[in-house]
2 protein chains.
Amino acid sequence: MPARPDGPTPAGDDPAAKPPDRVTIADVARHAGVALSTVSYVLSGKRVISATTRNRVLTSIRLLGYHPNAGARALASRRANVIALVLPLRTGMQVPVLMQFAMAVVTTARQFDHDVLLVTADEGPAGLRRIAASALVDGILLMDVEMRDLRVPLLRDLARPSVLIGFPADSTGLTCIDLDFHRAGEVCVEHLAGLGHRRIALLGAPAAVYDRDTGFAHRTRAGVLAAADRHGITATALPCPEGAAGVRALLTDLLARQPDLTGLVVQNEAAVGAVLATLPTLGRRVPRDVSVVAICPDQFAEQASPRLTSVPVPAEEVGRQAVSLLMRKLVDASVPEATMLDPHLTVRDSTTAAPARY
Amino acid sequence: MPARPDGPTPAGDDPAAKPPDRVTIADVARHAGVALSTVSYVLSGKRVISATTRNRVLTSIRLLGYHPNAGARALASRRANVIALVLPLRTGMQVPVLMQFAMAVVTTARQFDHDVLLVTADEGPAGLRRIAASALVDGILLMDVEMRDLRVPLLRDLARPSVLIGFPADSTGLTCIDLDFHRAGEVCVEHLAGLGHRRIALLGAPAAVYDRDTGFAHRTRAGVLAAADRHGITATALPCPEGAAGVRALLTDLLARQPDLTGLVVQNEAAVGAVLATLPTLGRRVPRDVSVVAICPDQFAEQASPRLTSVPVPAEEVGRQAVSLLMRKLVDASVPEATMLDPHLTVRDSTTAAPARY
DNA sequence: GGCCAGCGTCGAAGCGCTTCGACACCGCCG
DNA sequence: CGGCGGTGTCGAAGCGCTTCGACGCTGGCC
């Protein structure tokens, strides 16, 4: 055969010469001297292939640098091996946690041989419907779920498995996972109560978050108030602005009204730094005069000064488990409807025994 | 015909009854009474279809709730309509900016009818190769590019268009975009110099970032030093730790050594709050005694107290433009190799004229 | 020694879509 | 009044893969 590559059957025996993304399963089969389907079965393991044949095929795959075409695979197998991660578009909220979470999702998904499609909520329900109906993804992970979330009813009849991070008002028929924020609120209060504090306050998320009926904010508040009640101590729950100026105003007012306040639970990453910076300027040392417990990422708590006693939001753990749940649903396994992660309080330098009563 | 749906040709005239993700283009064609290919052309607009036919087809599509199957489309058209967004796995670095950026990318991509696959760097070059070779994505967006990035040479011969956020040491043959950090450094210094400051310092990224040879950190430093030189003022460039304690130590030491320091350029979101909080405790009011310019997101600058004069990193703009560049490359248009966005300094309350010399 | 049961492999039929060439039909010009 | 160039639609051939039924072969058993 002359060296003309444009004959009817070029026979392409020069792997390095052709574009690497044009190697098909047929090339591999030919190279290994087996049928096309045999290569497929080697790859999927859905039928037993003798070790000899398998090795021959695997060698050819490596030699040719074969990667299965995702589209073709999805079409034939009806599985895209992709899951959707739906993030809220809103900014300014717990961004580092979000990121940590997203990373955990991607990493875990890869362990299950899946990729992650990033979807923002701004397309709304229509976007979800599109993603699902087009078979772009096999399953859906929904973050930042609100109490009455527009997307939730849709999800119910979407015919694609999904897992929610956070709990909507009605979670029946859904799979949800989150930190147990009610318990988290309780844990914070119990810690403070145990240290002898009798009057505390919760500085929560910005008011807008409560107005939006975001579950975790309400649940934490409920937990704080319930535990305070149980322990017979006084607790005030307040939304908390994010800017340093807002925090200062809020604290000034709060301490003027309740001078014997000695404990603070802060659930607002963007404000906690300002809280720590402001308290001393109002004549309250942390932790000598006022103890502060934060619900925030560990990283944050470690870097603050003083280092914060905190209940971390286990973003990585939630991400991992959420993906695992979704994967189980993909293979049709039944999974629990609700998964609540137990909060764990880490004691650091921002809390101590309440000052002696006066 | 009796009401038995299990005949050989059920004729499926009951759209609400069948699973929504099983409507195919054939169903639409049948329902509209046209050929399958006509439906395709209506959807793609690649051939002229009469208004009458088009409307009939579009009506059927709406009625049946048809969504094209992504896998089949990708297979036949050799375009997945998905781009990869490769994020660094490292945490703790400029996380909010990253997020803002990612959001802009997703939103912009959607405007071009593309979706975004989230890829973390932890799979390394092999991951990139897999994504590209499997035709899962049409193009690649690479973030947080380092000076000598392992993934860059790979990208060069990957046969898929890509756009880098940030500049590697050698950017020939690639498409890169970023804020002009050199110029940003200059702009900060020029502002301070114009206010009469004669001795300033740059508190940069954490030392680890410099060690990693991250371009933007080095470029900013170079810009600061060059402009200082040009204006005949003294500038010290220091890496800056992220924790409040580290910042305090650094500032204490710095001010002890250079008591006549009156200007600070801070390029470290995680430290800037601590800087503002610490300076007053060291007897320096901001801006009366020390002026502070930050390179950080606007949102951040607005919330600080005092509000920060800053050069924002235009994450949204970078994201938008990066996607646009990639889209142009996808349709084979030629694009500039390097795009440098002009920095803009916003004057707020943290800078003022240098105190009278003594 | 002949038969049956696996085991391992193969061939072919789609999966749902795009796209190319073909081809009716229409009005117009010569 | 016949031929001609558009215009709008259709049919069919894949895209690369999975998967199902078929089938040859080897070995154990009666």
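Below, read A as the first sequence line, B as the second, and so on, with proteins coming before strands; counting in each chain starts at 1.
Side-chain nitrogen and oxygen atoms of Lys46(A) include at least one within less than 4.0 Å of the OP1 or OP2 phosphate oxygen of dT19(D). Close to dG16(C), at under 4.0 Å from its OP1 or OP2, lies a side-chain N or O of Arg78(A). For dC10(D), the OP1/OP2 oxygens have a side-chain nitrogen or oxygen of Thr38(B) closer than 4.0 Å. At least one side-chain nitrogen or oxygen of Arg22(B) sits closer than 4.0 Å to the OP1 or OP2 atom of dG16(C). When the side-chain nitrogen and oxygen atoms of Arg73(A) are compared with OP1 and OP2 of dT18(D), one or more of them lie within a distance under 4.0 Å.
Heavy atoms from other residues, nucleotides or ligands lying under 6.0 Å from CZ of Arg56(B) number more than 12. The number of heavy atoms from other shown groups lying within 6.0 Å of CZ (Arg79(A)) is above 12.
Checking Val34(B) against Leu75(A), the closest nucleotide of DNA chain D that is more toward the 5' end is the one next to Val34(B). Mapping Ser37(A) and Thr52(B) onto DNA chain D via the closest heavy atom, the residue that lands nearer the 5' end is Thr52(B).
Spacing between atom CG of Asn69(B) and atom C1' of dC17(D) amounts to 13 Å, rounded to whole angstrom units. A straight line from CG of Leu43(A) to P of dG16(D) spans 16 Å, rounded to a whole angstrom. Whole-Å rounding puts the Arg47(B) CZ to dT19(C) C1' distance at 7 Å. As rounded to whole Å, 16 Å separates atom C1' of dT9(C) from atom CG of Asn55(A). Between Ile25(A) atom CD1 and dG14(C) atom P there is a gap of 19 Å when expressed in whole angstrom units. Nucleotide dC17(C) holds its C1' atom 13 Å from the CD1 atom of Ile61(B), rounded to whole Å. What separates NE2 of His67(A) from P of dC17(D) is a distance of 12 Å, to the nearest Å. Asp27(B) places its CG atom 12 Å from the P atom of dC15(C), with the value rounded to the nearest Å.
Listed nucleotides dT18(D), dT18(C), dC10(D) differ in distance to Ser77(B); the shortest reach to its side chain belongs to dT18(C). Looking at the side chain of Leu36(B), the nearest of the listed nucleotides dG8(D), dG11(C), dC17(C) is dC17(C). The Ala35(B) side chain lies nearest to dG11(D) when the options are dT19(C), dT9(C), dG11(D).
Counting distance only, with no hydrogens placed and no angle test, the side-chain atoms of Tyr41(A) and the base atoms of dC20(D) include a donor-acceptor pair under 3.5 Å. A donor N or O paired with an acceptor N or O is not found under 3.5 Å between the base of dG8(D) and the side-chain atoms of Ser50(B).
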One pair to check against side-chain contact (heavy atoms from CB on, under 4.5 Å): Phe101(B) and Glu316(B). What are the steps and the verdict? CA-CA 5 Å; Phe101(B) 175 82; Glu316(B) 283 200 26; over 6 Å; no
Run Val323(A) and His114(A) through side-chain contact (heavy atoms from CB on, under 4.5 Å) and show every step you take. CA-CA 10 Å; Val323(A) 173; His114(A) 280 242; over 6 Å; no
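Taking Thr175(A) as the reference, Lys329(A) meet the side chain to side chain donor-acceptor pair (under 3.5 Å) condition, with sequence neighbours excluded.
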